[in-house]
Amino acid sequence: MWVLVMYDLPTDTKKERKAAAKFRKDIMGDGFTMFQFSMYIRHCASMENAQVHIKRVKSLLPELGHVGILCITDKQFGDIQIFSCKKEKKPNAPYQQLELF
């Protein structure tokens with residue numbers, strides 16, 4: 001499973017910028033890596049494991065802004081098509097995460 005976190009947070013004031021930076025730092029601390037600006041992804045071994053990380057992201061939500069969380073399968077993620085300047089690119093494999101049981 002892949003957990004995608006997409007967000008649009010306000011950054012007009014110093015307090016809002018600090019909250020946005022804290023949210024980004026906190027989800028990266030939970031193993032998410034940047035896929036695009038304001039879109040972070042994390043691989044999870046199972047749906048149960050994904051639910052743990054979704055619950056953690058929910059606990060980190062900032063007071064203002066919009067956050068979306070989406071789960072997709074490895075197959076769905078593997079079918080992604082990425083384009084840069086109208087040229088198709090191979091997706092970069094996110095950092096490998098070691099999971100100990």
Side-chain angles (χ1 to χ4, degrees):
M1 298 295 305
W2 289 90
V3 178
L4 288 72
V5 175
M6 301 154 283
Y7 62 88
D8 185 17
L9 303 178
T11 56
D12 296 327
T13 66
K14 186 175 181 179
K15 182 179 176 182
E16 291 172 343
R17 285 190 296 275
K18 186 174 180 178
K22 182 178 180 338
F23 179 71
R24 179 182 177 274
K25 181 181 172 188
D26 289 345
I27 64 173
M28 289 177 65
D30 190 35
F32 285 84
T33 57
M34 185 191 294
F35 186 75
Q36 286 187 320
F37 291 121
S38 298
M39 183 176 177
Y40 286 74
I41 60 174
R42 185 186 201 289
H43 186 264
C44 295
S46 66
M47 187 56 158
E48 292 79 20
N49 183 246
Q51 290 301 325
V52 169
H53 293 286
I54 289 170
K55 185 177 179 181
R56 196 168 294 150
V57 170
K58 286 180 178 181
S59 74
L60 301 171
L61 292 174
E63 189 175 322
L64 301 173
H66 303 282
V67 178
I69 303 170
L70 175 68
C71 283
I72 61 173
T73 65
D74 286 331
K75 170 102 173 86
Q76 290 168 324
F77 186 78
D79 289 340
I80 194 167
Q81 295 180 4
I82 299 175
F83 296 88
S84 177
C85 301
K86 294 188 177 185
K87 295 180 183 174
E88 191 165 5
K89 288 178 57 176
K90 296 267 186 200
N92 290 336
Y95 300 105
Q96 205 63 344
Q97 174 137 355
L98 177 64
E99 292 190 30
L100 302 175
F101 298 95

Polar side chain donor-acceptor pair, Arg24 to Tyr7, under 3.5 angstrom: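 Side chains of Arg24 and Tyr7: no pair found under 3.5 Å.
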
Criterion side chain to side chain contact (heavy atoms under 4.5 Å, CB included) on Ile80 and Trp2, from CA distance to verdict: CA-CA 12 Å; Ile80 194 167; Trp2 289 90; over 6 Å; no

Check the hydrophobic clustering (I, L, V, M, F, W, Y; side-chain heavy atoms under 4.5 Å; chains of links allowed) and say if [X] and [Y] are grouped together.
| X | Y | value |
| --- | --- | --- |
| Leu64 | Leu60 | no |
| Met47 | Leu4 | no |
| Met39 | Leu70 | yes |
| Ile27 | Val52 | no |

Ile69 side, atom CD1; His53 side, atom NE2 - distance, nearest 0.5 Å: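 Reported to 0.5 Å precision, the distance equals 12.5 Å.
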
Gap between atom CD of Glu48 and atom CE of Met1 - 0.5 Å precision: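 Between Met1 CE and Glu48 CD, I get 10.0 Å after rounding to 0.5 Å.
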
Check against side chain to side chain contact (heavy atoms under 4.5 Å, CB included), Thr33 and Ile41: CA-CA 5 Å; Thr33 57; Ile41 60 174; 3.9 Å; yes

Of all heavy-atom pairs between [X] and [Y], which one has the smallest distance, and what is that distance?
| X | Y | value |
| --- | --- | --- |
| Cys71 | Ala50 | SG-CB, 4.2 Å |
| Pro10 | Gly65 | CD-CA, 3.7 Å |
| Phe32 | Val3 | CE2-O, 3.6 Å |

Within-4.5 Å side-chain heavy-atom neighbours: [X] and [Y]:
| X | Y | answer |
| --- | --- | --- |
| Arg17 | Lys14 | yes |
| Lys25 | Met28 | no |
| Val67 | Lys58 | no |
| Tyr40 | Val57 | no |

Donor-acceptor under 3.5 Å (Arg42 side chain, Asp30 main chain):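 Here the side-chain-to-backbone pair exists.
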
Neighbour count >12 (heavy atoms, 6.0 Å) for atom CD, Glu88: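 For Glu88, atom CD is crowded (more than 12 foreign heavy atoms under 6.0 Å).
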
